[in-house]
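Written out below as structure tokens is the structure these notes cover.
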Amino acid sequence: MAEQVLVTGGGGYIGSQCVVELLEAGYQPIVVDNFSNAVRGEGGGVPESIRRLEKILDTSIEFHQLDLLDKPGLEKLFKEHSFSAVMHFAGLKAVGESVQQPLRYYRVNLTSSMNLLEVMQAHGVRNLIFSSSATVYGDPQYLPIDEQHPVGGCTNPYGKTKYFIEEMIGDHCKAEKDWNAVLLRYFNPIGAHSSGEIGEDPQGIPNNLLPYVAQVAVGRRECLSVFGDDYDTLDGTGVRDYIHIVDLAKGHIAALKKLKDKCGMKVYNLGTGTGYSVLQIVKAMAKASGREIQYKVAPRREGDIASCYANPQLAEEELGWKAKFDLERMCEDLWRWQSKNPTGFLKGTAS
């Protein structure tokens with residue numbers, strides 16, 4: 001019988017793509033989501049991303065609408081299932097919004113993670129993959145960033161919540177020697193499923209660069225604001241490491257296999273090791289879409305840094321994982337998704 005893996009936040013951009021890889025690797029994903037980032041499908045009971053996956057893959061996917069702040073609901077779920085592991089994606093995720101609403105980010109991200117850890121402990125589920133972020137590194141002291149880089153000097157509340165959750169997991173693994181956790185520090189996931197049927201569909205105004213650029217290209221938004229052109233980078237705009245969502249999802253399957261080695265707590269960067277500037281991204285998306293992308297320079301955003309890109313060598317050495325897709329492919333897949341879904345998952349979702 002297939003191992004059951006709980007996927008929290010599995011209706012969202014990253015979680016839903018990991019559901020694809022779990023199914024293809026022979027696992028049985030059990031998806032929970034509270035629809036804070038996921039879009040309801042027709043009928044409202046299941047995220048549209050999951051509904052589409054069921055059609056693409058010709059299978060059924062078990063889904064439960066659940067907020068991890070609802071600890072009794074979480075307890076009930078664990079009583080009804082025998083999970084071999086948990087992939088934890090659920091949480092609020094926008095840097096700029098976290099600066100404006102720090103208490104909301106601390107309450108949601110930290111409390112939900114603590115509830116999850118406590119319920120896992122109570123039900124003897126000791127294997128965890130945590131969706132962390134390169135934001136835990138703060139303003140880089142050196143580049144490329146490896147896993148030995150100091151953490152905790154976060155420049156925004158979102159990054160701090162990821163850092164605090166990492167600390168919680170680390171302390172718990174020290175206290176409970178039979179626990180295994182892999183913390184995956186993402187850089188910037190972009191792209192979409194090759195079918196063009198599932199991709200990133202932010203609700204409201206996108207907080208991340210690529211979905212905004214894609215929406216400008218498709219005509220959903222008039223102009224991109226480039227926040228700052230006076231950074232110490234090749235063209236003055238911020239430089240980031242962008243990774244294809246499929247590569248990222250495959251990294252989670254490699255991490256699941258690592259858990260079987262009774263690895264204790266491990267930390268890995270998932271990135272390509274190459275940094276691209278905002279203007280390079282604009283150019284790449286213009287090529288992929290065949291459309292001019294209008295942009296204007298705006299003041300820097302609080303909490304942003306000049307450059308951040310990964311040294312992903314440890315993941316290659318210990319997980320046997322390496323990103324395969326280049327920026328051109330990432331933008332092509334993103335454009336396929338956006339052009340097939342100009343207003344997002346459901347008609348009328350344009351804002």
Side-chain angles (χ1 to χ4, degrees), residues 4-25 27-70 73-74 76-77 80-81 83 86-94 97 108-109 112-113 115-116 129 131 186 189-208 210-211 214-215 220 245-246 248-249 252-253 333-334 336-338 340-351:
Q4 292 187 340
V5 177
L6 175 62
V7 184
T8 75
Y13 175 48
I14 300 172
S16 60
Q17 187 61 57
C18 285
V19 169
V20 174
E21 297 299 331
L22 282 166
L23 286 165
E24 293 186 349
Y27 294 92
Q28 181 187 355
I30 311 297
V31 178
V32 301
D33 204 292
N34 70 352
F35 292 100
S36 65
N37 289 315
V39 176
R40 290 184 186 275
E42 295 176 5
V46 176
E48 179 65 10
S49 57
I50 299 302
R51 191 190 72 79
R52 291 190 183 192
L53 284 183
E54 289 180 324
K55 188 174 181 180
I56 294 167
L57 302 174
D58 191 25
T59 189
S60 60
I61 298 168
E62 185 175 337
F63 173 77
H64 300 268
Q65 182 175 346
L66 179 67
D67 192 315
L68 299 189
L69 296 177
D70 175 11
L74 197 56
K76 182 174 182 292
L77 185 74
E80 295 171 349
H81 295 82
F83 298 120
V86 175
M87 286 187 178
H88 181 31
F89 301 98
L92 302 174
K93 61 174 188 172
E97 185 181 65
V108 171
N109 291 3
S112 63
S113 297
N115 284 348
L116 179 63
I129 295 173
S131 165
Y186 308 163
I190 64 172
H193 190 269
S194 59
S195 66
E197 292 297 322
I198 63 166
E200 188 169 12
D201 184 21
Q203 302 308 290
I205 299 172
N207 287 292
N208 295 325
L210 263 297
Q215 289 186 13
R220 188 170 166 184
I245 187 68
V246 172
L248 186 75
H252 289 72
I253 303 305
D333 285 347
L334 174 56
R336 185 180 301 110
W337 149 257
Q338 192 68 75
K340 289 182 72 171
N341 302 270
T343 59
F345 273 119
L346 297 176
K347 291 179 180 179
T349 58
S351 53

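The CZ atom of Arg336 sits 11.0 Å away from the CD atom of Glu197 when rounded to the nearest 0.5 Å. The line from CG of Leu66 to CG of Leu6 is 8.5 Å long, rounded to the nearest 0.5 Å. To the nearest 0.5 Å, the span separating CD on Gln4 from OH on Tyr27 amounts to 13.5 Å. How far CG of Asn34 is from CD of Gln65: 7.5 Å, rounded to the nearest 0.5 Å. Atom-to-atom distance recorded for Lys55:NZ and Leu53:CG is 12.5 Å, nearest 0.5 angstrom. To the nearest 0.5 Å, the span separating CG on Leu69 from CG on Leu116 amounts to 11.5 Å.
In terms of heavy-atom proximity, Asp201 sits nearest to Gly344 at OD1-CA, 3.4 Å. The two residues Gly11 and Ile50 have their closest heavy-atom pair at CA-CG1, 4.4 Å. Contact record, Leu248 with Pro189: CD2-CG, 3.7 Å, taken as the closest heavy-atom pair. Across every non-hydrogen atom of Gly9 and Ala90, the tightest pair is N-CB, 3.7 Å. Between Val7 and Pro29, the shortest heavy-atom contact is CG2-CB, 4.1 Å.
Glu54 and Arg51 are not joined by a salt bridge, as no carboxylate oxygen comes within less than 4.0 angstrom of a charged side-chain nitrogen.
Contact annotation: the side chain of Ile253 never approaches that of Glu24 to less than 4.5 Å [non-hydrogen atoms, C-beta and beyond]. A heavy-atom distance below 4.5 Å is found between the side chains of Ile30 and His81. Considering only heavy atoms from C-beta on, Pro202 comes within 4.5 Å of Gln215 through its side chain. Counting heavy atoms from C-beta on, the side chains of Val5 and Met87 come closer than 4.5 Å. For the pair Ile245/Tyr13, a side-chain contact is recorded, criterion being any heavy-atom separation below 4.5 Å from C-beta on. Using a 4.5 Å cut-off on side-chain heavy atoms (C-beta onward), His193 and Ile56 make contact. Counting heavy atoms from C-beta on, the side chains of Leu334 and Glu200 never come closer than 4.5 Å.
Separation of the Phe345 and Phe35 ring centroids does not fall under the 6.0 Å cut-off.
In this structure a side-chain-to-backbone donor-acceptor pair under 3.5 Å is missing from Gln17 to Gly15. Panel note: side chain Asp333, backbone Gly191; no donor-acceptor pair is recorded below 3.5 Å. Asn109 places a side-chain N or O within donor-acceptor distance of the main-chain N or O of Leu92, the cut-off being under 3.5 Å. Looking only at distances, a side-chain donor or acceptor of Gln338 sits under 3.5 Å from a matching main-chain atom of Asn341. Checked by atom type and distance alone, the side chain of Ser49 never pairs as donor or acceptor with a backbone atom of Ile198 at under 3.5 Å.
Taking the six-membered ring where the residue is Trp, Phe89 and His252 present tilted rings, their angle falling between 30° and 60°.
Remark: Lys340 NZ is packed, more than 12 non-hydrogen atoms of other residues, nucleotides or ligands lying under 6.0 Å away. Shown here is Glu42, whose CD atom has no more than 12 heavy atoms of other residues, nucleotides or ligands within 6.0 Å.
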